[in-house]
Protein chains: 2
Amino acid sequence: MDNKLMFERSQCPITNGLDIFGDKWTLLIIRDLVLGKRRYQELISSPENIASNILAHRLKRLEVAGLVTRRAYQQKPERYEYVLTEKGKDLKPVLEAISRWGTKHYPGTSVFRAVGQG
Amino acid sequence: MDNKLMFERSQCPITNGLDIFGDKWTLLIIRDLVLGKRRYQELISSPENIASNILAHRLKRLEVAGLVTRRAYQQKPERYEYVLTEKGKDLKPVLEAISRWGTKHYPGTSVFRAVGQG
DNA sequence: GACTATAACTTGCAATCCACAAGTCGGACG
DNA sequence: CGTCCGACTTGTGGATTGCAAGTTATAGTC
């Protein structure tokens with residue numbers, strides 16, 4: 001019943017995707033999660049230097065949208081990690097397509113393993 | 001020699017892509033251009049209701065980045081249209097991937113022809 | 001037992017960006 | 001002379017972003 005933010009701007013699937021990940025940071029977080037990162041500090045330490053408040057905000061949005069799951073990996077003190085759901089993992093082809101476009105038009109760029117040339 | 005905005009945040013091709021189209025509107029403009037729209041009013045009249053100042057700003061950025069070309073289609077009065085370069089057209093697979101993700105996870109959405117299921 | 005470190009955040013604030021409405025400019029048309 | 005069209009530009013208030021610093025809970029060290 002959390003479908004009240006669906007079809008916010010239009011019924012276009014691209015629009016609905018962009019309403020979730022249409023910004024400078026979200027797809028980079030997904031990229032890191034696809035690459036196997038799970039913890040807050042790992043995400044923070046990516047070379048793009050995301051601010052901690054932005055990261056927290058994006059992770060919350062991704063959780064609400066059902067792309068990631070937040071869960072405790074230890075108690076005392078409670079520490080949390082983030083993992084992609086199937087819906088989140090399904091963005092891998094999108095990352096691959098962007099990566100292919102980027103490496104073609106900006107030679108010299110490179111991602112790490114797993115999100116390379118598909 | 002306009003390569004001073006390359007590698008702004010990192011050498012990741014995804015990051016460099018997002019520095020150009022990482023927002024809520026740019027990929028929708030590209031979608032419209034892929035679908036054959038060319039004129040300002042056509043772009044304005046899309047269902048997502050982009051504001052005119054945002055559209056102007058994004059078109060300028062796309063032109064600077066080399067994804068679209070602005071050219072006059074008539075004189076007296078001068079009127080301009082926008083067409084995708086090869087670099088811009090190369091984003092079609094990205095749009096298709098997003099579209100596929102959107103239609104899978106938000107059933108009921110649909111784009112127009114040409115940017116459908118690939 | 002105070003002191004430092006770690007991890008996952010939260011808070012405050014200035015700067016920037018965005019959305020909405022309105023206005024501009026150069027003609028064509030009546 | 002006045003209205004319309006099309007491609008923008010300008011002004012304003014509100015939302016978002018970026019940066020630095022702070023908070024909370026616990027473990028380890030002196």
Side-chain angles (χ1 to χ4, degrees), chain A residues 5 7-10 12 15-16 18-30 32-33 36-65 67-84, chain B residues 5 7-10 15 18-30 32-33 36-65 67-84:
Chain A
L5 62 143
F7 303 175
E8 242 174 63
R9 290 190 290 170
S10 78
C12 173
T15 306
N16 282 278
L18 294 178
D19 283 340
I20 295 173
F21 53 78
D23 65 63
K24 268 171 50 181
W25 294 108
T26 304
L27 283 177
L28 296 181
I29 297 170
I30 307 261
D32 286 347
L33 294 173
K37 297 190 179 183
R38 286 160 171 258
R39 305 213 310 246
Y40 205 85
Q41 291 303 318
E42 293 181 292
L43 296 169
I44 281 278
S45 65
S46 276
E48 289 86 10
N49 290 317
I50 189 170
S52 58
N53 54 346
I54 310 257
L55 176 58
H57 180 263
R58 294 300 186 278
L59 286 172
K60 211 159 284 170
R61 192 165 73 186
L62 286 172
E63 201 190 350
V64 169
L67 306 216
V68 306
T69 306
R70 179 180 184 261
R71 68 167 185 226
Y73 66 89
Q74 73 168 37
Q75 305 294 332
K76 302 168 91 34
E78 287 203 330
R79 291 291 145 81
Y80 299 94
E81 65 179 6
Y82 296 88
V83 288
L84 288 170
Chain B
L5 61 143
F7 304 173
E8 241 175 65
R9 289 191 289 170
S10 78
T15 306
L18 293 178
D19 283 339
I20 296 174
F21 53 78
D23 65 61
K24 268 170 52 179
W25 293 109
T26 304
L27 283 177
L28 296 180
I29 297 170
I30 307 260
D32 286 348
L33 293 174
K37 296 191 179 182
R38 285 160 172 259
R39 305 212 310 246
Y40 204 85
Q41 292 303 318
E42 293 182 292
L43 296 169
I44 281 279
S45 64
S46 276
E48 290 86 9
N49 290 316
I50 189 171
S52 58
N53 54 347
I54 310 260
L55 175 58
H57 179 263
R58 294 302 186 277
L59 286 172
K60 212 160 284 171
R61 192 165 73 186
L62 287 173
E63 201 190 350
V64 169
L67 307 217
V68 306
T69 306
R70 179 182 186 259
R71 69 170 185 221
Y73 65 90
Q74 73 169 37
Q75 305 294 331
K76 302 167 92 35
E78 288 202 330
R79 291 292 145 80
Y80 299 94
E81 65 179 5
Y82 296 89
V83 288
L84 288 170

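Please read these numbers as outputs of a predicted model, since none were measured by experiment. Per chain, numbering begins at 1; letters A, B, ... match sequence-line order. We use all heavy atoms of the structure for the numbers below, so side chains are in, but hydrogens, waters and symmetry mates are not.
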A.B. asks: Roughly how far, to the nearest 0.5 Å, is the CZ atom of A:F21 from the CZ atom of A:R61?
C.D. replies: 10.5 Å
A.B. asks: Shortest non-hydrogen contact from A:E42 to A:R38?
C.D. replies: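 Scanning both residues completely, I find the closest heavy atoms to be OE1-N, 2.9 Å.
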A.B. asks: Of all of residues 71-82 of chain B, which get a heavy atom below 4.0 angstrom from DNA chain D, listed by number?
C.D. replies: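 Residues of residues 71-82 of chain B under 4.0 Å from DNA chain D: B:Y73, B:R79, B:Y80, B:Y82.
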A.B. asks: By nearest nucleotide on DNA chain C, pick out whichever of B:A51 and A:Y40 is the more 5' one.
C.D. replies: A:Y40
A.B. asks: Earliest and latest nucleotide of DNA chain D, 5' to 3', sitting under 4.0 Å from a non-hydrogen atom of chain A?
C.D. replies: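 Nucleotide range with atoms under 4.0 Å of chain A: D:dT17 to D:dA27.
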A.B. asks: Would you grab the first and last nucleotide of DNA chain C (5' to 3') that comes under 4.0 Å of any non-hydrogen atom in chain A?
C.D. replies: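 Going 5' to 3' along DNA chain C, contacts run C:dT6 to C:dG12.
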A.B. asks: I'd like to know if the side chain of B:Y40 and the backbone of B:S52 have a donor-acceptor N/O pair within less than 3.5 Å.
C.D. replies: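 Yes.
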A.B. asks: Within the structure provided, determine whether B:R9 and A:L28 are in side-chain contact (heavy-atom separation under 4.5 Å).
C.D. replies: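 Yes, their side chains come closer than 4.5 Å.
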A.B. asks: With no hydrogens and no angle check, do the side chains of A:S45 and A:K37 hold a donor and an acceptor under 3.5 Å apart?
C.D. replies: no
A.B. asks: Taking side-chain contact (heavy atoms from CB on, under 4.5 Å) as the definition, give me every residue that meets it alongside A:R79, ordered by chain and number, with sequence neighbours left out.
C.D. replies: A:Y73, A:Q74, A:P77
A.B. asks: To the nearest 10 degrees, what angle separates the axes at the start and end of the helix from C:dG1-D:dC30 to C:dG30-D:dC1, five pairs each?
C.D. replies: 10°
A.B. asks: Provide the closest heavy-atom pair for A:L62 versus A:I20 in the form atom of the first, atom of the second, distance.
C.D. replies: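 Nearest pair, atom of A:L62 first, then A:I20: CD2-CG2, 4.2 Å.
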A.B. asks: List the residues meeting side-chain contact (heavy atoms from CB on, under 4.5 Å) with B:A51, not counting sequence neighbours, and say none if there are none.
C.D. replies: B:N53, B:I54
A.B. asks: A:N16 and A:S10: which non-hydrogen atoms are nearest, and at how many Å?
C.D. replies: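 Heavy-atom minimum between the residues: ND2-O, 3.0 Å.
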A.B. asks: CG of B:L27 to CZ of B:R58: how many Å apart, nearest 0.5 Å?
C.D. replies: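 Output value for this atom pair is 11.0 Å.
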A.B. asks: Could you tell me which non-hydrogen atom of A:L59 sits nearest to which non-hydrogen atom of A:V68, and how far apart they are?
C.D. replies: O-CG2, 4.0 Å
